[in-house]
Amino acid sequence: MQLPWLHGDMPFPPTTRALGPETDAPGLLAAGGDLSPARLVDAYRHGIFPWYGEGQPLLWWTTDPRMVLPVAEFKLSRSLRKTLQRFLRTPGCEFRFDGDTPAVIKACAGAPREGQDGTWIVPEMVEAYVRLAQAGVVHSVETWVDGALVGGLYGVNLGRMFYGESMFARRTDASKLALAALVAFCRAEGIALIDCQQQTRHLASLGARPIPRAAFEAHLRTAVAEPAPRRWAYDSACWARFQLMSDGPAADNPP
C-alpha cells in the first residue's frame with residue numbers, strides 16, 4: 001500500500017489505514033504535512049503522533065495496540081515511595097509544573113536512549129512543542145534540587161487526556177518522581193489515562209499496558225471533549241492520592 005503524503009490542509013487518513021503488524025513499520029499512517037499547532041492538535045485528537053529522525057520525512061504514527069498508563073494502576077514501588085518521601089522532606093527539593101518547559105524538552109532531546117544512536121526529538125520538533133507550550137497545550141512536570149533542574153517529563157494535554165512525550169533524568173529516579181507527581185495530579189483532576197505511545201519494559205514496570213487502538217480512540221472521543229484542568233500547577237495536597245502528604249517545605253507554584 002502506498003503511504004499517503006499530506007499536503008497543506010489535507011486531513012489525516014483514517015487510522016484503520018495505518019500499516020499493520022506484518023509490515024516493517026506497524027502503525028505508520030502518513031508522511032509529510034507540517035508541525036504547525038493546528039496540525040499537531042488535530043493529530044493528537046485522533047491518537048496520531050509524529051515520530052521521525054534526522055534525514056527522514058515527517059512521519060505520522062498510530063500504534064495498535066497502544067501503550068497507556070491507567071493512572072489508577074500506577075505502580076509506586078516500595079523503594080520509589082521511600083525516595084519520594086525523602087524528596088518531599090528534603091529542603092531544596094521541589095516539584096514544579098511548567099517551571100521551564102523549553103529546558104525540559106531540550107533535555108529530553110539530548111538524553112541518551114537505550115538502543116538508539118540519536119534522537120527522534122529533532123530541532124523542528126523542539127520548536128514545535130515549545131510553541132505548543134506557549135499556547136498552553138504542552139506541559140512539563142519537573143524535579144528540582146537546590147535550584148537545578150534534575151529531571152522531568154513533558155506531554156500534550158487535550159481535555160482530560162494527557163499524552164506523554166518524553167522523560168529525562170540527571171539524577172537517579174528524578175524522572176520517576178516527576179511521573180509520580182503527574183499521576184497524582186491526573187488522579188486529582190480526573191485524567192484517567194496517560195498515553196505512552198510505545199511498548200517498553202520500563203513503562204510496563206510502572207503500570208503501563210497495551211490496549212487495542214479502537215479502545216484507545218473510543219476513550220479519546222470522550223476525554224478530549226471534556227474541559228481541561230483550569231490550572232497546571234504543583235499542589236502538595238495531591239499526594240493524598242498515594243496516601244501520603246508532603247510534610248516538607250511548601251513548593252507550590254505561585255498563581
Side-chain angles (χ1 to χ4, degrees), residues 6 8-9 12 30-62 94-113 116 118-145 147-171 174-175 177-179 181-182 185-186 189 191 194-198 220 224 228-234 251 253-255:
L6 304 177
D9 295 331
F12 288 104
D34 56 49
L35 291 172
S36 66
R39 173 70 78 178
L40 283 169
V41 168
D42 183 55
Y44 281 97
R45 283 187 179 277
H46 294 90
I48 301 164
F49 59 92
W51 186 37
Y52 65 105
E54 292 282 1
Q56 294 181 324
L58 177 49
L59 301 175
W60 299 93
W61 303 75
T62 172
E94 59 180 319
F95 292 100
R96 300 180 189 176
F97 281 32
D98 295 342
D100 194 342
T101 303
V104 173
I105 297 172
K106 292 172 185 176
C108 288
R113 308 290 174 187
Q116 297 182 20
T119 178
W120 59 269
I121 311 176
V122 296
E124 312 92 84
M125 293 272 279
V126 172
E127 294 174 5
Y129 285 86
V130 168
R131 286 196 299 270
L132 280 181
Q134 294 167 344
V137 177
V138 162
H139 298 280
S140 60
V141 181
E142 309 149 10
T143 48
W144 292 73
V145 175
L149 177 63
V150 298
L153 59 87
Y154 75 97
V156 173
N157 169 233
L158 296 176
R160 297 287 162 170
M161 185 67 205
F162 189 82
Y163 307 79
E165 281 298 309
S166 190
M167 308 167 68
F168 83 99
R170 293 172 180 154
R171 293 196 182 188
S175 59
L177 292 175
L179 179 58
L182 172 63
F185 176 84
C186 288
E189 293 289 342
I191 297 175
I194 297 172
D195 177 32
C196 302
Q197 299 177 353
Q198 304 289 340
L220 286 188
V224 300
R230 293 180 59 187
R231 183 168 173 258
W232 276 81
Y234 173 69
N253 284 355

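When reading the values below, keep in mind they use all heavy atoms of this one structure, side chains included, and skip hydrogens, waters and symmetry mates. Computed from a prediction, not measured in an experiment: that's the story for all the values here.
- Listed for the Asn157 side chain is no donor-acceptor partner under 3.5 Å among the backbone atoms of Phe162.
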Margin query: Set out, in order, the CA-CA distance, both residues' side-chain angles and the distance that settles side-chain contact (heavy atoms from CB on, under 4.5 Å) for Phe95 and Leu177, then state yes or no.
Written below: CA-CA 9 Å; Phe95 292 100; Leu177 292 175; 3.9 Å; yes

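- Taking OG from Ser36 and CG from Asp9, the interatomic distance works out to 8.0 Å, rounded to the nearest 0.5 Å.
- Ring centers of Phe185 and Phe97: under 6.0 Å apart, within the cut-off.
- Side chain of Glu165 to main chain of Tyr154: no donor-acceptor pair is present (N/O by atom type, distance under 3.5 Å, no hydrogens or angles).
- Tyr163 has its side chain out of reach of Phe49: every pair of non-hydrogen atoms, C-beta onward, lies at least 4.5 Å apart.
- Evaluation of the side-chain hydrogen bond (donor to acceptor under 3.5 Å, both in side chains) rule for Asp100 yields no partner, not counting sequence neighbours.
- Taking CZ of Arg170 as the start and OG of Ser175 as the end, the distance is 12.0 Å to the nearest 0.5 Å.
- Counting heavy atoms from C-beta outward, Leu220 and Asp195 have side chains that stay 4.5 Å or more apart.
- Atom CD of Glu124 is separated from atom CG of Asp34 by 12.0 Å, given to the nearest 0.5 angstrom.
- Rounded to the nearest 0.5 angstrom, Glu94 CD and Trp144 CH2 are separated by 8.0 Å.
- Put simply, the side chain of Pro50 reaches to within 4.5 Å of the side chain of Leu40, judged on heavy atoms.
- Annotation for Met161 and Ile194: closest pair CE-C, 4.4 Å, computed over non-hydrogen atoms.
- With hydrogens and angles ignored, the 3.5 Å screen pairs no side-chain donor or acceptor of Glu189 with any backbone N or O of Cys186.
- The shortest heavy-atom contact between Gly159 and Pro229 is O-CD, 3.6 Å.
- Here the shortest heavy-atom pairing between Met167 and Leu179 reads CE-CB, 4.0 Å.
- Residues satisfying the side-chain contact (heavy atoms from CB on, under 4.5 Å) test with Ala178, not counting sequence neighbours, are Val141, Thr143, Leu153.
- No donor-acceptor pair closer than 3.5 Å links the side chain of Arg45 to the backbone N or O of Leu158.
- Between Tyr52 and Leu35 the shortest heavy-atom distance is OH-CD1, 3.6 Å.
- In this pair, Trp232 and His139 present their aromatic rings parallel. The plane angle is below 30°, not in the 30 to 60° band.
- Inter-residue side-chain proximity for Gln198 and Trp51 is flagged as met; some heavy-atom pair is nearer than 4.5 Å.
- Looking at every heavy atom in both residues, Cys108 comes nearest to Ser166 through CB-OG, 3.5 Å.
- The heavy-atom pair separating Glu142 from Leu149 by the smallest distance is CB-CD1, 3.6 Å.
- Rounding to the nearest 0.5 Å places OG1 of Thr101 at 14.0 Å from OH of Tyr129.
- Between Phe12 and Trp60, the ring centre distance stays below 6.0 Å.
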